[in-house]
Each structure stands twice: as structure tokens, then as C-alpha cells.
Amino acid sequence: MEDRQLSSPSFEEVAASHLSRRAALKGMFVAAGSAALAGGVSRYALLPGEAFAAAAKAETSAPALSFQELAKSITEDQQVAAGYKAQVVVSWGDALHGGMDAFDPLLLTPAEQERRFGYNNDFIGFMPLPVGSQASDHGLLCVNHEYTNTELMFSGLKGDSAKDLISEDQAKVEMAAHGHTIVEVKKGKDGWAVVADSRYNRRISFLSTVCEATGPAAGHARLKTKADPSGRKIIGTLNNCAGGKTPWGTILTAEENIHQYFAGNPEGTPEARNHKRMGIENKPEYGWGRFFERMDVSKEPNEPNRFGWLVEIDPYDPSSTPKKRTALGRFKHEAGTCVVNPDGRVTVYTGDDERFEYLYRFVTKGKFVPNDRKANMGLLDEGTLSVARFDANGTVNWLPLIHGKGKLTAENGFASQADVVIEARRASELLGATPMDRPEDVETNPVNGRVYVMLTNNTKRKPEQVDAANPRANNAYGHILELTAPGGEGKAANHTADTYQWDILLLAGDPSKPDVGARYHPDVTSNGWLAAPDNCTFDNHGRLWIATDQGGDQAKRGVPDGIYATQVDGAQRALTKFFYAVPRDAEMCGPEFTPDGKTLFVSVQHPGEGSTYDKPSTRFPRFKADMPPLPSVVAITKKDGGEIGG
């Protein structure tokens, strides 16, 4: 990806200005902390305790995080803080319907995979049963399946050569393992269990599920293919990463890294510029293009335009058709977090997870109608998509992506709103949006109403590209931003406003290493610092729970991925504590609480990544010689039955 040159103040100037601004906004005293910054980045990593506490003393009624912090170590099994238990609820290959044989990955067929839990679970949405209730012991788990590890799914394959060795049937199994699963679960005396053969149990797969395009790009010529001349009926959803839940009880699943599936040279096609901007360069990670014409852009140049959307799914209606809501833009989506505004309109936050990409917001034209699901089902088809510009004065300005406004005109290749949403990245660049350090999950805090943005990392940012909201060059550890909409706290916050305020909650990394420039509460321990914030969620008290994804760096650092928790207000703001660790070579995804806060569901994704089916680095969770590692959904509960976190 082409780097964009940016000028900015120094890291120390940025850090000092934002500590000072928080003091001005909330009447806090930070003079000692700001003065300490004059000594350089190392002073910023560990602010004096008195100064930090003074700077963070906003009132909070949230109870302290009283769990005993987990020690960092990489093992073949999962680990959780003392006093808690972690139970595997459902894993790749588990049957969703009655009368099925026990899972045998060596005998897996495409038809079987479409009746079994998919691979590499990511986002989790817990949807209570009955619909509209706050039940915490019975509901639907709505789970994304982001991608597949070919060499871990099939015997006899190794690394980069796997995609060139798979058969057509194996490719179909992979396709069927992508997408989304809806599965009914209940909590009993022995913990959580899948409800066998529930009428709700359903697979939505890339292989065969028909989805409908809606909104401004639906039916547009750039979405039409030989198989679908209507440009509205799309087979499957792809690379489903994070997601969200709507106030009317549906799921939003985010299509992210779609580029890695498409073979064929885009040069010479009408979509060459567009495909390059999305990273489609005839370097597929999968071998599907050898068997299926739609996966070859030289034969079907419009097929990639049918992916990269937010997809709405009604988990309570097994016969419903998933809707690709094109009004929310096309890019490498991460998250689809919804909040109802005081005026009834709904705001959806979503990130574009790539280095130097952008943060987005969509505000519906219509208003949410409580207690009438049907009335809300088309809300996401009309509204205003905007992209964020972060200014050094601490404001966030939302720039509307509207055809005909500013540079989004026919002269620049945007003949309609369909072109704007299909090429949302290029449109955002023309408007001067701020290139970010991989914006992943974006979540609103139900207590204070602020918005928290996980910025995972960006090792390609050069010193001359540093800016106020991305204050570190070679940002290997990531950071978290906090956005404050005007209007008040909690439900009073106005998420439709043109301008917000922003702050840095923390700068991740090891605070014992001055050159890293980490920033936390000064009492963070050697176990409590984190790297690569990815997904997140909030409990009922407004405490932030952070999932990490270091990729291959966790082995180099000797630090497993997992879940960390912190207060976001009060004297323990940014005091992160380590709660749960994934097994070797896995990633942590999808944290989701039940309404009562007594169960935390998490996704253990790609355990054993980097090894093979025949010689895995772990056999989590079954640890049987004939079973490879299985991506799994885990339920974490407190042994005494209380709320998670203490």
C-alpha cells in the first residue's frame, strides 16, 4: 500500500497537549505530568503516580476490577484468572442438527461443513431468547467465521503450498467454513450447551447462501456479473471479522480482508484502480480461483465489488435473507456498532482495518421505532456515511461522503452515490480523512457514552507521517482513542454531531522500555501491559475489556494474546489487567457479555497457526492424537456465580 506523507508535531508535543486538554476539559491538574514530558518519551511511559491520578479523577461508580491478574505465559491450553472457569461451548465441526455423525475432519465434505460450526470464529453476538428479553441463560450465539487455515484443516498440506495442492472439494469445504453461524445455547447446572437441532441453528456460508444487496449500490452495473445480471443476488459473505448488534435485534457482520481470495490480474479491467485500492493484485492466499470463475477478476472483474460490506442478518428468522447494506460503504470493515441517539436516529461506527485507512460513521435518515422490529428493518438503507478527520486541536470532524459534494463528482470518477460507496476509500482520501493505524473494533460505552477506537498497530508509519491521533512512528504495539460526542454522557450523547472531541486512552507496549513510548496508569504491572488491541466490549459498569491480536509477534515477545480489562474513568483509568490467555499461536476475538454480566463469551481463533494438521503446535481444545486444533467459542464464568471482573 502506498504510504501517504503527513506532517505533525512531535510525539512529546502531542502527548503533552492531550494530557493538558483533558485537564482543561474536566478541571483536572496535570502540570506535573506535562512537565515530566519535557524529559522525552521515557517520561511519558510512566507518569508520576500523583499527577496521573489527578489527571484521571473523573467520577466513576464502577466497582474495582478485583480479579487476581493472570501471569503471562504461552501454553498449549487456555488460561484464565483464579476464581474463574473457561468452558468450550462449540468448536469447528460441531454438529448443528440432529442425526449427524461425530466430527471427523478427514471425512469432511462441503455439504457436511454447511451443517456444522464453521472455522476461525471471530465476532460473537449473544441474542437473548425470547426475542426482546434480557435473558442471560438462554439465547442465540451469532458467530462470524473470518477465514480458514488450509494447512490446519487438511492432512498432508504445508504452508504457502497448501493453496496450490487442495482439490476442488477441499476448496468448497473452505468456502462452506466461511461466513456465519447462528446456534441456540442454554446455561444449565453444568454450564453452557448447544441446543441440538434447534430451529434457529443455521449456517450462512460463502459457498451457497444467497444474500441481497440493498441501498445505493444495489443493482448498479458495477455489481452485475454473468451469474447475477441483476446486481442484487450475491452468493455468500466473506472474511467476516468483527460485527455488531442493532437495537431491533439483528446482527451486522463485517466483511474485511476480501482481497486475499481473488486470483487473476486486474490490470486491463474496468476495475483496475478500484481493485488496487482494495489490495487485489493477483496474489491470492487461497486456491479457489483455480476452480471457480467468480474468484478470478480477469474473468469476473465485478465480483469483488460484491464483498467488503456490512451484512445484516436476522437471527430470529431462519428463513430470512442476509442483506448487504451498501449505504454503509465498501472497504475492509471491522465492527458495526450501533447506538440510538436522543432524536431516535441510529449511528453505526465501523473501522477499515488496514494501515493508513480510515474511521467511519453512518447516521440513519429514519428513526428507530421501539417495540416494532419490522418498522426498523430498512433503516440502514438510507442515511449519511461520513469519515473522520482528527485535528491536532483535539477535535474529530465527520466529513460526509455524499455524491456531488466537494470532490465527489463525476469529474473525479463518481457518477453517483453508488460509486461513492463502492470506492469509499478513494472518496475518503479525496476529502482529507486522517489515515489511521489500523482501526479495528469501535465500541460505544453504555455508561459514559464515549466511543473507543482500537488501533492495532502500524509499523509502516514513518516519523514524517506521525500526526496527533497517531503519535508514534513504527507503531508496533497500537493504541486506543477515546471520542466524546457532545450533548452529555450515556444516552444523552449526540452521535449525529459534526464535531466531537478526542483523547488518547492509552498507548500500548511495554512501559519498561523507554523507546516504546507506552502510556498507561503508572501502576500497570509487567503482566498488565498489552500489545495490538483488536476487539473490545464493555460490561454493565462501563469497564473496557480488550482482546489482542499480535500475530506472529506473540511468540517473539513471549506474550500470549488474550483479554485485558481496565477502568476508563476514575483513579484506575488505563490500569490494564490481564484476565485470560489463548492457547499457543491463537488470537483472541469476539468478547461478548450476557445481559447480567455473569458470562463472557470469547472466540479462540486459529489455535496452532503456523503449524500443520499433521504436526500442530497445540491440539486445543480436545487434545486427542487424531484431532487437529479447533477454533472454538469459550464461555468464561465466575466460580461463585457472580459478575465477571468483581
Side-chain angles (χ1 to χ4, degrees), residues 1-21 33-34 36-47 279 332 334 351-359 387-396 425 428-429 432-440 452-483 502-520 524 529-534 546 548-554 556-557 559 574 576:
M1 177 174 197
E2 188 175 86
D3 290 345
R4 281 160 244 173
Q5 302 300 311
L6 305 166
S7 61
S8 67
S10 70
F11 173 85
E12 293 83 356
E13 290 170 334
V14 170
S17 70
H18 285 285
L19 282 174
S20 299
R21 185 167 57 80
S34 297
L37 294 171
V41 175
S42 63
R43 300 292 184 92
Y44 189 63
L46 288 173
L47 295 175
K332 295 179 181 179
E334 183 91 24
D352 185 348
D353 181 14
E354 192 163 3
R355 298 176 183 93
F356 300 111
E357 290 301 338
Y358 309 115
L359 176 67
V387 66
R389 187 188 73 217
F390 289 82
D391 292 339
N393 66 359
T395 60
V396 184
R425 283 182 162 183
S428 298
E429 186 173 357
T434 301
M436 307 298 288
D437 287 351
R438 289 185 60 196
E440 296 218 30
Y452 293 80
V453 183
M454 305 295 112
L455 296 161
T456 298
N457 53 38
N458 185 357
T459 55
K460 292 186 177 181
R461 188 176 290 274
K462 300 173 183 177
E464 63 270 22
Q465 295 174 302
V466 166
D467 62 47
N470 303 277
R472 289 187 291 189
N474 188 30
N475 182 9
Y477 295 93
H479 58 293
I480 300 175
L481 295 184
E482 177 183 66
L483 281 53
W502 68 269
D503 273 301
I504 298 171
L505 174 67
L506 63 82
L507 294 167
D510 185 349
S512 71
K513 298 179 179 179
D515 59 338
V516 168
R519 168 186 164 187
Y520 303 87
V524 71
W529 67 265
L530 60 91
D534 186 335
I546 305 161
T548 63
D549 173 19
Q550 302 171 83
D553 288 334
Q554 60 180 309
K556 299 174 186 176
R557 296 169 182 156
V559 176
T576 49

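Numbers here are sequence positions counted from 1.
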Looking at [X] and [Y], would you say the former's side chain and the latter's main chain have a donor-acceptor pair under 3.5 Å?
| X | Y | value |
| --- | --- | --- |
| Arg472 | Val516 | yes |
| Asp391 | Asn393 | no |
| Thr548 | Pro533 | no |
| Asp352 | Lys332 | yes |
| Ser428 | Val387 | no |
| Arg519 | Ile504 | yes |

Check the pair Arg557, Tyr477 against side chain to side chain contact (heavy atoms under 4.5 Å, CB included), reporting the backbone distance first and the verdict last. CA-CA 11 Å; Arg557 296 169 182 156; Tyr477 295 93; 3.7 Å; yes

Tell me the closest heavy-atom pair linking [X] and [Y], and the distance in Å.
| X | Y | result |
| --- | --- | --- |
| Asn457 | Ala532 | ND2-CB, 4.3 Å |
| Gln550 | Gln554 | NE2-CB, 3.5 Å |
| Ala508 | Ala531 | CB-CA, 4.3 Å |
| Ala468 | Ala392 | CB-CA, 3.6 Å |
| Leu483 | Val396 | CG-CG2, 4.1 Å |
| Ala476 | Thr459 | CA-CG2, 3.8 Å |

Rounded to the nearest 0.5 Å, what's the gap from [atom1] on [X] to [atom2] on [Y]? Could you check?
| X | Y | atom1 | atom2 | answer |
| --- | --- | --- | --- | --- |
| His479 | Leu505 | NE2 | CG | 11.0 Å |
| Thr434 | Tyr358 | OG1 | OH | 8.5 Å |
| Leu530 | Leu506 | CG | CG | 6.0 Å |
| Tyr520 | Thr576 | OH | OG1 | 5.5 Å |
| Met436 | Leu359 | CE | CG | 6.5 Å |
| Phe356 | Asp437 | CZ | CG | 7.0 Å |

Holding to salt bridge (Lys or Arg N to Asp or Glu O under 4.0 Å), I want the full list of residues that pass it with Asp534, two or more places apart in sequence or in another chain.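 Checked Asp534 against salt bridge (Lys or Arg N to Asp or Glu O under 4.0 Å); zero matches.
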
Are Asp467 and Arg389 close enough for a salt bridge, meaning some N to O gap below 4.0 Å?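 The answer is no: the pair does not qualify as a salt bridge.
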
Hey, is Asp353 close enough to Arg438 for a salt bridge, meaning N to O under 4.0 Å? yes

From CA spacing to verdict: side chain to side chain contact (heavy atoms under 4.5 Å, CB included), Asn458, Asn470: CA-CA 9 Å; Asn458 185 357; Asn470 303 277; over 6 Å; no

Would you sort out whether Glu334 and Met454 count as a side chain to side chain contact (heavy atoms under 4.5 Å, CB included), showing the intermediate values? CA-CA 10 Å; Glu334 183 91 24; Met454 305 295 112; over 6 Å; no

Could you check Asp503, Leu507, Leu455, Ile546 and say which one makes a side chain to side chain contact (heavy atoms under 4.5 Å, CB included) with Ile480?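 It is Ile546; the other options fail the test.
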
